[in-house]
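Below is one structure, written out as structure tokens; the observations come after it.
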Amino acid sequence: MACGGLTYFISDLHLGAGYIADPRAHEMKVVRFLRSIAPTARRLFLLGDILDYWWEYRDVVPRGFTRFFGALAELADAGVEITWFKGNHDIWIFDYLPAEIGLKVHDGIMETSLDGRRFLMEHGDGVGRLPRTFRALRALFRCRPAQVMFAAIHPRWTVGFAHAWSAHSRKHGGYVPKAGAGESLVRWAAEYNASRDDDNKVDYFIFGHQHVLLDRSLPDGARVVVLGDWITRFSYAVWDGENLSKAIFNG
């Protein structure tokens, strides 16, 4: 059983992305991180875009990520509670990973109490003011009939298309934080707490998606943390039951 008491938050690993120079080294760095937290972890929240692309078919699963999935399974077998939030790249996780690894999958906002403090978590692509085209794509990707039709296409076409789309977004600055990145999430968090009574205000808002490492205090004392990424920063956050801190993994 897990003997640690820490809660870890990490997002935007983008494992398998074609623009990462050495995918195996990238995966192994993530594996080293997961093994490094094993003695102290009680919970692990994966806040989306963990995989750059993933699609579960009914009877087969994509190749790759063996060492990463194995490291997650080791944590789960040791009693660590793992929650994987769907991002905009790894939306199509269904029942394979929960069943095989023993983790929970969550889509959208989660508001929960950790050690007596209220946390709100979301990948970051489903809150705040979103462009109309992005909202439309987000809805399409979650539409069951569209998923059924997509699943009918042979993987030789869909996998290549997904990676080409991701690489195109990267080439045009899709994963480079823009000026003011994260500010829309801060505004949304402030508005969210302003709508709540004092007994139900959130203490910590945790997001990914924006690829910026941000830690901002709100006027009511709440904190908004955007987790950065594992393309260039290798950043994460840790909750010890009393304090939330940010860190960089150099292992």
Side-chain angles (χ1 to χ4, degrees), residues 1-15 27 29-51 54 65 67-87 90 93 95-127 185 189 192 200-209 213-215 222-230 233-249 251:
M1 295 297 292
C3 59
L6 302 184
T7 300
Y8 291 87
F9 308 86
I10 188 169
S11 74
D12 295 276
L13 309 183
H14 287 274
L15 287 166
E27 181 179 6
K29 186 162 188 171
V30 174
V31 168
R32 289 194 298 273
F33 167 76
L34 295 176
R35 289 177 174 163
S36 76
I37 69 174
T40 59
R42 177 182 175 188
R43 311 179 190 92
L44 172 63
F45 289 98
L46 306 166
L47 269 83
D49 285 2
I50 304 304
L51 306 177
W54 177 262
F65 315 115
R67 290 164 179 80
F68 170 64
F69 291 153
L72 284 182
E74 289 173 4
L75 289 177
D77 289 347
V80 178
E81 300 171 18
I82 304 173
T83 304
W84 186 322
F85 284 70
K86 293 185 179 184
D90 48 12
I93 299 172
D95 60 355
Y96 173 75
L97 295 181
E100 291 296 319
I101 294 176
L103 54 80
K104 297 179 181 178
V105 174
H106 186 82
D107 191 14
I109 293 172
M110 174 186 288
E111 190 172 335
T112 188
S113 178
L114 301 178
D115 305 304
R117 305 303 294 272
R118 191 177 293 272
F119 282 72
L120 185 149
M121 292 169 277
E122 211 261 0
H123 174 56
D125 69 324
V127 298
L185 297 174
Y192 186 91
N200 291 300
K201 290 186 184 296
V202 171
D203 298 302
Y204 298 96
F205 294 86
I206 313 290
F207 301 110
H209 184 58
L213 189 57
L214 180 149
D215 187 349
R223 282 173 61 190
V224 182
V225 173
V226 184
L227 294 168
D229 67 75
W230 275 58
R233 291 177 177 79
F234 314 106
S235 49
Y236 62 99
V238 188
W239 168 250
D240 66 6
E242 295 183 0
N243 299 293
L244 183 70
S245 58
K246 305 182 303 298
I248 301 295
F249 182 68

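Hydrogens, waters and symmetry mates play no part in the numbers below; they use all other heavy atoms, side chains included. Throughout, residue positions are numbered sequentially from 1 according to the sequence presented.
- With hydrogens and angles disregarded, no donor-acceptor distance shorter than 3.5 Å links the side chain of D12 to the backbone of G208.
- A 6.0 Å sphere centred on CZ of R32 holds more than 12 heavy atoms belonging to other residues, nucleotides or ligands.
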Stepwise side-chain contact (heavy atoms from CB on, under 4.5 Å) check, I206 with E122: CA-CA 7 Å; I206 313 290; E122 211 261 0; over 6 Å; no

Audit row: E100, F69, side-chain contact (heavy atoms from CB on, under 4.5 Å) steps and yes/no: CA-CA 9 Å; E100 291 296 319; F69 291 153; over 6 Å; no

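- Side-chain contact between D115 and E242: absent, with no pair of heavy atoms (C-beta onward) separated by less than 4.5 Å.
- The residues D240 and R42 are annotated as not salt-bridged, no charged nitrogen and carboxylate oxygen being separated by less than 4.0 angstrom.
- In terms of heavy atoms, A76 sits closest to I101 at CB-O, 3.2 Å.
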Stepwise side-chain contact (heavy atoms from CB on, under 4.5 Å) test for L46 and T83: CA-CA 6 Å; L46 306 166; T83 304; over 6 Å; no

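- Residues that satisfy the side-chain contact (heavy atoms from CB on, under 4.5 Å) test with A222, not counting sequence neighbours, are N193, F205, L218, D220.
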Steps toward side-chain contact (heavy atoms from CB on, under 4.5 Å) verdict (K246, L213): CA-CA 9 Å; K246 305 182 303 298; L213 189 57; 4.0 Å; yes

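- For K104, the NZ atom sits in a loose shell: 12 or fewer heavy atoms of surrounding residues, nucleotides or ligands are nearer than 6.0 Å.
- Using a 4.5 Å heavy-atom threshold, the side chains of V238 and F9 count as separate.
- In this structure, D203 contributes its side chain and R118 its backbone to a donor-acceptor pair below 3.5 Å.
- Residues F207 and V225 fail the side-chain proximity criterion, which asks for heavy atoms closer than 4.5 Å.
- Residues F85 and H209 are not in side-chain contact: their nearest non-hydrogen atoms beyond the backbone lie 4.5 Å or more apart.
- Contact record, L227 with S235: O-OG, 2.7 Å, taken as the closest heavy-atom pair.
- Taking CD of E81 as the start and CG of L103 as the end, the distance is 12.0 Å to the nearest 0.5 Å.
- A heavy-atom distance below 4.5 Å is not found between the side chains of V105 and L97.
- The distance from the CZ atom of R223 to the CG atom of D215 is 4.0 Å, given to the nearest 0.5 Å.
- Partners of W230 by ring-ring contact (aromatic ring centres under 6.0 Å, His included), not counting sequence neighbours, listed by chain and number: F33, F234, F249.
- Closest approach of E111 to L120, counting heavy atoms only: OE1-CD1, 4.0 Å.
- Closest approach of G228 to S11, counting heavy atoms only: O-OG, 4.0 Å.
- A donor-acceptor pair under 3.5 Å is formed between the side chain of D90 and the backbone N or O of I50.
- Without hydrogens or angle criteria, H123 side chain to L47 main chain gives a donor-acceptor distance under 3.5 Å.
- In this structure, CG in L75 is found 5.5 Å from CD1 in I37, a value given to the nearest 0.5 Å.
- The aromatic rings of F119 and W239 lie perpendicular to each other, with more than 60° between the two planes, well past the 30° mark.
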Test salt bridge (Lys or Arg N to Asp or Glu O under 4.0 Å) applied to D49 and K86, step by step: CA-CA 7 Å; D49 285 2; K86 293 185 179 184; over 6 Å; no

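- Residues that satisfy the ring-ring contact (aromatic ring centres under 6.0 Å, His included) test with Y8, not counting sequence neighbours, are absent from this structure.
- Residues L51 and L13 are not in side-chain contact: their nearest non-hydrogen atoms beyond the backbone lie 4.5 Å or more apart.
- Here the side chain of E27 pairs a donor or acceptor atom with the backbone of F68 at under 3.5 angstrom.
- Using a 4.5 Å cut-off on side-chain heavy atoms (C-beta onward), M110 and F45 make contact.
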